[in-house]
Amino acid sequence: MSITPVAGETGCLRYFVATLSDVTVAQYAASSQARSDERYRRLDETNLRLQATLAMSGTAAGWDWHIADRRLFGDARFAALHGLDPEAMARGVGTAAFFAAIHPEDQARIRLAVGGMLRGAEVFSKEYRLLLADGPVRWVQARGRCELDEQERPARFVGALVDITEQKRVEEQLRIAQTAGGVGAFEYVDGFATVSVSRSATCWGCNRPATCRWPR
């Protein structure tokens, strides 16, 4: 329904004109488009959060995985973190290079997560370790997304790594300090009816470390 006010010669409102149109088909199409737009909006928000993280960290490393060609492109920082030649990364290397430096204990879960992305999952967000022969273990946070082709099939898997080694070191120091001092920690998220308790803490009433129902 569209309602339009109509004024007289003096400018005063005289009456309204109302028109009705059958928009059933248009609404169905708009609903489908809205669902698609919402999906891409979520991807855009993820990308914006990723860019903000990278801007704050200053230690970002980007990759661009061409799925059909099975080629992986990366910047100089990505090459350095993975122990690869920067010029080769700029030209594109085999996708096995993505996994080459990942710690053996993290390999399986990262391969599964990447496999999900190549089959249409929307967002990739993982923390894992990189292990180079001539350097220390580095912790990274990887966030990425898939870009679709015209048939809405995954065409490219793009994202970035952020080096979080120092953050992990601080977290480990805090954990050690809590353990040594008998200090515990807990986290409660409203709406989930559970509280996560650290190993240094004990559950109220049962005197054992656990993830408990809270409040009781």
Set out, in order, the CA-CA distance, both residues' side-chain angles and the distance that settles side-chain contact (heavy atoms from CB on, under 4.5 Å) for Ile102 and Leu131, then state yes or no. CA-CA 6 Å; Ile102 296 178; Leu131 178 61; over 6 Å; no
Are Phe73 and Leu84 connected, step by step, through hydrophobic side chains (Ile, Leu, Val, Met, Phe, Trp, Tyr) whose heavy atoms are closer than 4.5 Å? no
If you group Ile, Leu, Val, Met, Phe, Trp and Tyr by side-chain heavy-atom gaps below 4.5 Å, do Leu81 and Val137 land in one group? no
Sub-3.5 Å donor-acceptor pair from the side chain of Arg119 to the main-chain atoms of Gly115, do we have one? yes
Positive for salt bridge (Lys or Arg N to Asp or Glu O under 4.0 Å) with Asp106, one of Arg111, Arg138, Arg129: Arg129
Under a 4.0 Å threshold between the charged nitrogen and the carboxylate oxygen, would Arg145 count as salt-bridged to Glu147? yes
Heavy atoms of other groups near Gln151 CD, more than 12 under 6.0 Å: yes
Determine whether more than 12 heavy atoms belonging to other residues, nucleotides or ligands lie under 6.0 Å from atom CZ of Arg109. yes
Side-chain touch [X]/[Y], heavy atoms, less than 4.5 angstrom:
X: Asp64; Y: Arg156; value: yes
X: Pro154; Y: Leu118; value: no
X: Trp139; Y: Gln167; value: no
X: Met89; Y: Leu72; value: yes
X: Ile110; Y: Lys126; value: yes

Would you call the rings of Trp63 and Phe78 parallel, tilted or perpendicular, taking 30° and 60° as the class edges? tilted
Which label fits Phe98 and Phe157: parallel for a plane angle under 30°, tilted from 30 to 60°, or perpendicular past 60°? tilted
Return yes if a side-chain donor-acceptor contact under 3.5 Å exists between Arg70 and Thr95, otherwise no. no
State which residue, out of Leu132, Val140, Leu130, fulfils the side chain to side chain contact (heavy atoms under 4.5 Å, CB included) condition with His82. Leu130
In Å and rounded to the nearest 0.5 Å, what is the CG to CZ distance from Leu148 to Arg153? 10.5 Å
Aromatic ring centroids of Tyr128 and His103 under 6.0 Å? no
Quick one: do Cys146 and Val158 satisfy side-chain contact (heavy atoms from CB on, under 4.5 Å)? Show the steps, please. CA-CA 6 Å; Cys146 263; Val158 298; over 6 Å; no
Might you point out which heavy atoms bring Gly94 and Arg71 nearest each other, and give the distance in Å? N-NH1, 3.9 Å
